[in-house]
Amino acid sequence: MYNLAIIGGDGIGNEVMESCEYLLDKLNLEFSFKYGEAGFDCFNKNGTTLPEETIKIASKSDAVLFGASTSTPGQPSPIINLRKALHVYANIRPIRSYKGVNCLRDDINFVIVRENTEGLYSQVEYGDDEKMIAERHITREASDRISKVAFNLCIKREQNKVTCVHKSNVLKKTDGVFKESFYNVAKNYPQIQTEDFYVDAMAMYLVTQPQNFDVIVSTNLFGDILSDESAGLVGGLGLAPSGNIGDHNGLFEPVHGSAPDIAGKNIANPCSMILSAAMMLDYLGEWDVSNDIRNAVEKVIAECKIRTPDLGGDACTMDVTKAIVKELI
Ligand code: NAI
Ligand code: MG
């Protein structure tokens, strides 16, 4: 029996979470769900975007599933603070081409490893009407830790190369530490190739030669931006799952946000949430089940019959979910 914390959040976060729960219920595994609130609706109800109770439920669980939240003016981001509270320092975002989807190339298969606890997401900003300052924190400890995750993941995925992305020509001190730390850690992995690029050039290489990347490691903001760009290479945010991993907790969520433009229409693609649940099952050691889920998603997408509008179809969220479940059982 696995104790899962379920945090739908706002907008399509709740819609794709409903799909995910429907699918989990159909698996040959036992789950106990505990529900937590977070986000914009939660703020309007409780005066906070992330109640202590939600953190408690999440930290006591075996794993957390998070949908997405809408940002609340003047309030901290619940997902950033939840990642911090759970010390899930590595954000793992796999990107791959799917058969039947309009991808830039059909041989894209890399993973972005994004540092999750510091960088420009410190949420420390101050100043006055004339000048505002945002702090960008980079520590050697967090940089070493995230590079180790990237190299170990490269071994696990049986790939050959880790690419470090930074902007050390301008951010000489902060990204100087990040890059130096990467090459120090690399010394312990002599069998793995290394390279590093400035983030602006990398944004272009992802479009011109995405097939050449295996594992990409970067700081918080750059990793966030490059992962949406990368999702765009392979069919969009509806196919982009992620896992946030620490030493004691795992939190799994789609890369996308609450998508107010399509919320309430029942047309959100549930695949990124469902694939995030598969990453959760990997984390829990249920590899057979997670592989089955990935195969079922692949099959439904490849058949091109039942798909949501973001992939050119006219099916609704639950149609796709039920088609995936049908492949599973
Ligand atoms: P978004 O990721 O919500 O949407 C970007 C675009 O992708 C939209 O056109 C949307 O319709 C489409 N899209 C996203 N997920 C989709 C899915 N599953 N199926 C089909 N289409 C999908 O980003 P946006 O619009 O910039 O932000 C909306 C809100 O979400 C904001 O309040 C933002 O702060 C928040 N946000 C929250 C995140 C989180 O909770 N982890 C992450 C990113 C944004
Ligand atoms: Mg993002």
Side-chain angles (χ1 to χ4, degrees), residues 6-20 36-44 49-50 54 58 64-84 86 88 91-93 95 98 101-102 112 114-116 119-121 123 218-244 251-277 297 300-301 306-321 324:
I6 305 280
I7 306 166
D10 297 305
I12 69 162
N14 288 309
E15 298 168 28
V16 295
M17 187 64 86
E18 196 183 319
S19 286
C20 184
E37 292 178 292
F40 183 75
D41 291 346
C42 171
F43 176 76
N44 287 332
T49 54
L50 183 65
T54 301
V64 185
L65 286 169
F66 187 92
S69 60
T70 301
S71 67
T72 309
Q75 294 299 314
S77 157
I79 184 62
I80 292 175
N81 283 354
L82 187 59
R83 290 172 187 148
K84 280 187 185 158
L86 297 177
V88 284
N91 193 339
I92 314 286
R93 297 178 149 186
I95 298 288
Y98 283 91
V101 175
N102 194 9
I112 293 178
R114 163 192 177 196
E115 205 291 320
N116 229 4
L120 251 185
Y121 283 37
Q123 301 184 94
S218 195
T219 53
N220 210 333
L221 177 65
F222 297 160
D224 194 14
I225 295 172
L226 294 181
S227 43
D228 276 36
E229 181 191 359
S230 302
L233 305 175
V234 296
L237 286 167
L239 291 172
S242 86
N244 302 268
L251 184 161
F252 301 83
E253 52 166 338
V255 169
H256 64 71
S258 60
D261 55 338
I262 58 165
K265 297 183 177 162
N266 196 22
I267 53 167
N269 188 340
C271 292
S272 35
M273 185 75 237
I274 288 172
L275 291 166
S276 303
V297 170
V300 169
I301 292 171
I306 302 170
R307 43 170 65 184
T308 42
D310 56 309
L311 296 182
D314 58 6
C316 69
T317 306
M318 259 305 160
D319 292 336
V320 175
T321 310
I324 294 167

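All heavy atoms count here, side chains included; hydrogens, waters and symmetry mates do not. Counting convention: from 1, in listed order, for ligands and their atoms alike.
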What do we get for [X] next to ligand 1 when only non-hydrogen atoms under 4.0 Å count, side chain, backbone, both or neither?
X    : answer
L237 : side chain
D261 : side chain
P260 : side chain
M273 : neither

Report yes or no: does [X] contribute a side-chain atom to a donor-acceptor pair with the main-chain N or O of [Y] at less than 3.5 Å?
X    : Y    : result
R307 : G312 : no
N91  : N116 : no
S276 : E253 : yes
N244 : I92  : no
N269 : L239 : no
T54  : L50  : no

From [atom], is the closest protein heavy-atom distance below 4.0 Å?
atom                    : answer
atom 7 (O) of ligand 1  : yes
atom 1 (P) of ligand 1  : yes
atom 42 (C) of ligand 1 : yes
atom 19 (N) of ligand 1 : yes

Study note, to complete from the structure: Those residues at least two apart in sequence (or on a different chain) that pass side chain to side chain contact (heavy atoms under 4.5 Å, CB included) with S272 are P254, H256

Practice item. With sequence neighbours left out, write down each residue that passes side chain to side chain contact (heavy atoms under 4.5 Å, CB included) with L221, or none if nothing qualifies. Key: L120, Y121, I225

Check your understanding: Using a distance threshold of 2.8 Å, what protein N/O/S atoms lie below it relative to the Mg ion (ligand 2)?
Key ->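 D224 OD1, with waters left out.
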
Looking at ligand 1, does any of its N/O atoms fall within less than 3.5 Å of an N/O of [X]?
X    : result
T70  : no
G257 : yes
R83  : no

Give the numbers and elements of all ligand 1 atoms closer than 4.0 Å to a heavy atom of [X].
X    : value
E253 : 41 (N)
S71  : 32 (O), 34 (O)
A268 : 19 (N)
A68  : 40 (O)

Would you check if [X] and [Y] make a side-chain contact, meaning some heavy-atom pair closer than 4.5 Å?
X    : Y    : value
I12  : M273 : no
L233 : I95  : no
Q123 : N81  : yes
V101 : L311 : yes
N220 : R114 : yes

Check your understanding: Any idea which of N269, I262, D310 brings a heavy atom closest to atom 22 (C) of ligand 1?
Key ->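 Shortest heavy-atom distance from atom 22 (C) of ligand 1: I262.
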
Practice item. Please work out which of P309, S69, S258, A259 has its closest non-hydrogen atom nearest to atom 39 (C) of ligand 1. Key: S69

Check your understanding: Is I12 near ligand 1, meaning one of its heavy atoms is under 4.0 Å from it?
Key -> yes

Practice item. Take atom CG of D314 as the centre, draw a 6.0 Å sphere, and report whether it contains more than 12 heavy atoms from other residues, nucleotides or ligands. Key: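 No, not enclosed.
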
**Study point:** Heavy atom of the protein closest to atom 14 (C) of ligand 1 (residue, atom name, distance)
**Key:**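 Going by distance alone, atom 14 (C) of ligand 1 is nearest to H256 CB, 3.5 Å.
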
Please output the side-chain donor-acceptor pairs of residues 66-77 that fall under 3.5 Å, not counting sequence neighbours, one pair per line with the distance.
unit_1 : atom_1 : unit_2 : atom_2 : d
T70    : OG1    : S258   : OG     : 2.7
S77    : OG     : I79    : N      : 3.4
S77    : OG     : I80    : N      : 3.2

